[in-house]
Protein chains: 2
Amino acid sequence: MSPDDGRAAVDLETALAGTPAGHKEDLRLWLRMLSCATLIETEIRRRLREQFGTTLPRFDLMAQLDREPDGLTLGRISRRMMVSNGNVTALAASLVADGLVQRRAHATDRRTQFLSLTPHGRLVFELQSAAHERWIAELFASVSPRDRAALHRLLGMVKSGVRQALKGESP
Amino acid sequence: MSPDDGRAAVDLETALAGTPAGHKEDLRLWLRMLSCATLIETEIRRRLREQFGTTLPRFDLMAQLDREPDGLTLGRISRRMMVSNGNVTALAASLVADGLVQRRAHATDRRTQFLSLTPHGRLVFELQSAAHERWIAELFASVSPRDRAALHRLLGMVKSGVRQALKGESP
DNA sequence: TTCGGATAGTTCAAGCTTAAACTGTTTAAG
DNA sequence: CTTAAACAGTTTAAGCTTGAACTATCCGAA
């Protein structure tokens, strides 16, 4: 990415313009990542709806709670799910109304409440979770274990790289 | 869970349950891909809103039209964007109302209409598009070109693999 | 010709999502 | 103690998204 000797004029110019030719490739990479994720996500949503009559956000919230038997606060859930605060409020209300999730008050902080799965919620989630895991395995089945491992590693680099890029932004 | 007295019993059991141990890795891979995409997408949405007062779906629709100066039908757009038909109807109406997109009737098929960018829409999109390309390049900057290429290739395999898996489903 | 199925769009209700404004609570500085 | 800032959740308006039901049109076969 740096043919420096010879004539540096072009490189300087394009660098300053901020959109060197090679960046089309980044765009293609991004669009491919996005369509990959969308493809899988759409199918998972469809199956959750058809086979369990639920939705992905509800499943995701329950998955968070399943990992933490002691419960989680709404704020923690919203950070883990990378969604807004108000979103979790509505989602939680609906799950509580359906008897899948229960609220518990914090011992000393009256602002805070913990959410956890009810026994029934735990049962329901186990069924959904097992199916979900099978679906994912099925969708990735054609990719070799070696390639899956490589992909996992590369995505990890992208994730931390993006996090890093966003860290030094506005503060 | 299962306290295994013997040896092979566990493997058999878990295999028959349809959720072999190794499939947790697929789950992790999927969650990482999803959070990667979400991370980037959220940031792009934020910048489109703050810097251009627009949204990602509007930008995406205009991007489709920008690539096809002759125009596209609503159906084609919805398939390319991987969203529902009704979604495009609403999105198009809003863009037409804003003078960014125009409709044109099909010569012989009265059901069909073509959408294309207006001159003003083309101008606006060029600005947004250039910024968008810079943002993506910026977010991927910390990943080496070699790794980006590898990632692109692997995601291509996943995409076609998933498409294949979904093809032999219900039909 | 006409009838039935396929196709292009639209509409609608329901749910998701967000940013921003808001309430109530805690914490820490003065 | 007082007060201001930080924090946990809630509410609200606006927009996105979907699946399903619907209208209108086209096209091919009997």
Side-chain angles (χ1 to χ4, degrees), chain A residues 34 37-39 41-62 71-98 101 103-115 170, chain B residues 34 37-39 41-62 71-98 100-101 103-115 170-171:
Chain A
L34 188 56
T38 302
L39 198 58
E41 194 178 337
T42 300
E43 180 65 13
I44 298 300
R45 281 181 197 276
R46 193 179 68 74
R47 295 189 188 186
L48 281 174
R49 177 170 40 79
E50 291 189 353
Q51 298 189 25
F52 295 106
T54 189
T55 65
L56 189 52
R58 288 165 64 95
F59 175 80
D60 281 345
L61 177 28
M62 290 179 77
L72 282 173
T73 65
L74 295 195
R76 216 176 242 306
I77 292 169
S78 86
R79 256 165 283 135
R80 288 209 197 180
M81 290 177 68
M82 301 199 288
V83 299
S84 72
N85 232 336
N87 196 341
V88 175
T89 293
L91 227 34
S94 149
L95 289 168
V96 168
D98 290 354
V101 164
R103 299 176 200 270
R104 181 163 47 79
H106 187 284
T108 66
D109 188 338
R110 271 185 295 173
R111 295 170 304 177
T112 304
Q113 58 184 290
F114 292 101
L115 256 47
S170 41
Chain B
L34 187 57
T38 302
L39 199 57
E41 194 178 337
T42 300
E43 180 65 14
I44 298 299
R45 281 181 197 275
R46 194 179 67 76
R47 295 189 189 187
L48 281 174
R49 177 172 39 80
E50 291 189 353
Q51 299 188 25
F52 295 106
T54 189
T55 65
L56 189 51
R58 288 165 64 95
F59 174 81
D60 281 344
L61 177 29
M62 292 178 76
L72 282 173
T73 65
L74 296 194
R76 215 177 242 308
I77 293 168
S78 86
R79 255 166 282 135
R80 289 209 197 179
M81 291 177 68
M82 300 198 289
V83 300
S84 71
N85 233 336
N87 195 341
V88 174
T89 293
L91 228 33
S94 148
L95 288 168
V96 168
D98 290 355
L100 298 166
V101 164
R103 299 177 200 269
R104 180 163 49 79
H106 187 285
T108 65
D109 189 338
R110 271 183 296 172
R111 295 170 305 178
T112 304
Q113 58 184 287
F114 291 100
L115 257 47
S170 39

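First the proteins, then the strands, lettered A, B, ... as listed; each starts at 1.
- Counting to the nearest Å, the P atom of dT18(D) and the CD1 atom of I44(A) are 16 Å from each other.
- Inter-residue side-chain proximity for T42(A) and M82(B) is flagged as unmet; no heavy-atom pair is nearer than 4.5 Å.
- R110(A) has no side-chain polar atom (N or O) that falls below the 4.0 Å cut-off from OP1 or OP2 of dG24(C).
- R46(A) places its CZ atom 11 Å from the P atom of dA20(D), with the value rounded to the nearest Å.
- Here Q113(B) reaches the OP1 or OP2 of dT10(C): one of its side-chain N or O atoms lies under 4.0 Å away.
- M81(A) is not listed as a side-chain neighbour of N87(A), based on a closest heavy-atom distance of 4.5 Å or more.
- Mapping T42(A) and R103(A) onto DNA chain D via the closest heavy atom, the residue that lands nearer the 5' end is R103(A).
- Residue R76(B) contributes atom CZ, which lies 9 Å from atom P of dA8(C) at whole-angstrom precision.
- The distance from atom CE of M81(A) to atom C1' of dG9(D) is 16 Å, rounded to the nearest whole Å.
- Between D109(A) and the choices R111(A), H106(A), Q113(A), the side chain to side chain donor-acceptor pair (under 3.5 Å) rule is met once, by R111(A).
- The overall bend of the helix from dT1(C)-dA30(D) to dG30(C)-dC1(D), read as the angle between its terminal helix axes built from five base pairs each, is 10° when rounded to 10 degrees.
- For the pair F114(A) CZ and dA8(D) P, the interatomic distance rounds to 11 Å; values are reported in whole Å.
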Produce the list of close N/O pairs, under 3.5 Å, pairing protein atoms with atoms of nucleotides 13-16 of chain D; give distances to one decimal.
| unit_1 | atom_1 | unit_2 | atom_2 | d |
| --- | --- | --- | --- | --- |
| dC16(D) | OP1 | T55(B) | OG1 | 3.1 |

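- Protein atom CD1 of I77(B) is 15 Å distant from nucleotide atom C1' of dT10(C), rounded to whole Å.
- Among the heavy atoms of the strands lying under 4.0 Å from G86(B) is at least one base atom, whether or not backbone atoms are also near.
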Pairs: protein N or O with nucleotides 5-7 of chain D N or O, under 3.5 Å:
| unit_1 | atom_1 | unit_2 | atom_2 | d |
| --- | --- | --- | --- | --- |
| dC7(D) | O2 | R111(A) | NH1 | 2.7 |

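- Residue contacts shown for T54(A) are absent, as no nucleic acid heavy atom lies under 4.0 Å away.
- Computed from coordinates, the H106(B) NE2 to dA24(D) C1' distance equals 16 Å when rounded to whole Å.
- The shortest distance between side-chain heavy atoms of R49(A) and T55(A) does not fall below 4.5 Å.
- Looking at heavy atoms from C-beta onward, F114(A) lies in side-chain contact with T73(A) at the 4.5 angstrom threshold.
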Kindly determine whether V101(A) and V96(A) satisfy side chain to side chain contact (heavy atoms under 4.5 Å, CB included), including the steps that lead there.
CA-CA 5 Å; V101(A) 164; V96(A) 168; 4.0 Å; yes

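- Counting heavy atoms from C-beta outward, L48(A) and I44(A) have side chains that approach closer than 4.5 Å.
- Using a 4.0 Å heavy-atom criterion, one finds that S84(B) contacts the bases of the nucleic acid, with or without backbone contacts as well.
- Across all strands shown, D109(B) has heavy atoms under 4.0 Å from sugar-phosphate atoms exclusively, and none from any base.
- Tested against R47(B), the residues E43(B), Q51(B), E50(B) include a single side chain to side chain donor-acceptor pair (under 3.5 Å) partner, E43(B).
- When all heavy atoms of L115(A) and A92(A) are compared, the pair lying nearest together is CD2-CB, 3.5 Å.
- Residues M62(B) and L100(B) have side chains in contact (heavy-atom distance under 4.5 Å, counting atoms from C-beta outward).
- In the set dG9(D), dA8(D), dG9(C), dG9(C) carries the atom at the smallest distance from any side-chain atom of T112(B).
- Nearest to the side chain of R49(A), among dG9(C), dG19(D), dT18(C), sits dG19(D).
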